[in-house]
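All heavy atoms count here, side chains included; hydrogens, waters and symmetry mates do not. In this chain, numbering begins with 1 at the start of the sequence shown.
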Amino acid sequence: MTDMASRATKSESINLRATQRQKALLRRAAEATDHSLTEFILGSAVDHAEQVLADRRWFAASDEQFEEFVRLLDEPLPKTEKFDRLFSRPSRFASDAT
């Protein structure tokens with residue numbers, strides 16, 4: 001889970017049902033990583049959700065829509081402090097291996 005997400009106030013509840021074996025396995029893994037069961041489950045689920053959503057690369061567009069998309073991609077962005085700060089941060093989707 002990202003540092004910012006872990007510091008945000010948690011006001012929502014997610015209820016899960018699990019088998020005894022699943023709960024025991026999750027609890028052992030949480031203990032092995034020095035996390036609470038909640039931290040381990042939520043962190044794992046959020047990491048997986050980010051990977052799933054980042055992998056949604058396929059979309060359909062007409063030829064006209066695609067040409068407009070490419071035109072917009074090729075257009076330079078205005079120079080602003082916000083863009084400079086944004087581009088100086090590491091990508092949330094970059095692999096740790098790179």
As an exercise, state the distance from CZ of F87 to OG1 of T80, rounded to the nearest 0.5 Å. 8.0 Å
For the atom pair OG (S44) and CD (E39), what is the distance rounded to the nearest 0.5 Å? 11.0 Å
Joint cluster assignment, [X] & [Y], ILVMFWY side-chain distance < 4.5 Å:
{"X": "I14", "Y": "V46", "answer": "yes"}
{"X": "L16", "Y": "L26", "answer": "yes"}
{"X": "L72", "Y": "L77", "answer": "no"}

Step by step, work out the side-chain contact (heavy atoms from CB on, under 4.5 Å) result for R28 and L25. CA-CA 5 Å; R28 284 195 316 267; L25 179 65; 3.6 Å; yes
Presence of salt bridge, E81 and R85, under 4.0 angstrom: yes
Under-4.0 Å salt bridge between E68 and R71: yes
Is the CD atom of E75 crowded by more than 12 outside heavy atoms at less than 6.0 Å? yes
Between T33 (side chain) and A30 (backbone), is there a donor-acceptor pair under 3.5 Å? yes
What pairs with K79 under side-chain contact (heavy atoms from CB on, under 4.5 Å), at least two apart in sequence or on another chain? D84
Pairwise ring pair (Phe, Tyr, Trp, His ring centres under 6.0 Å) hits with a residue in residues 62-81, at least two apart: F59-F69
May I have all residue pairs that pass ring pair (Phe, Tyr, Trp, His ring centres under 6.0 Å) and include part of residues 8-53, sequence neighbours excluded? none
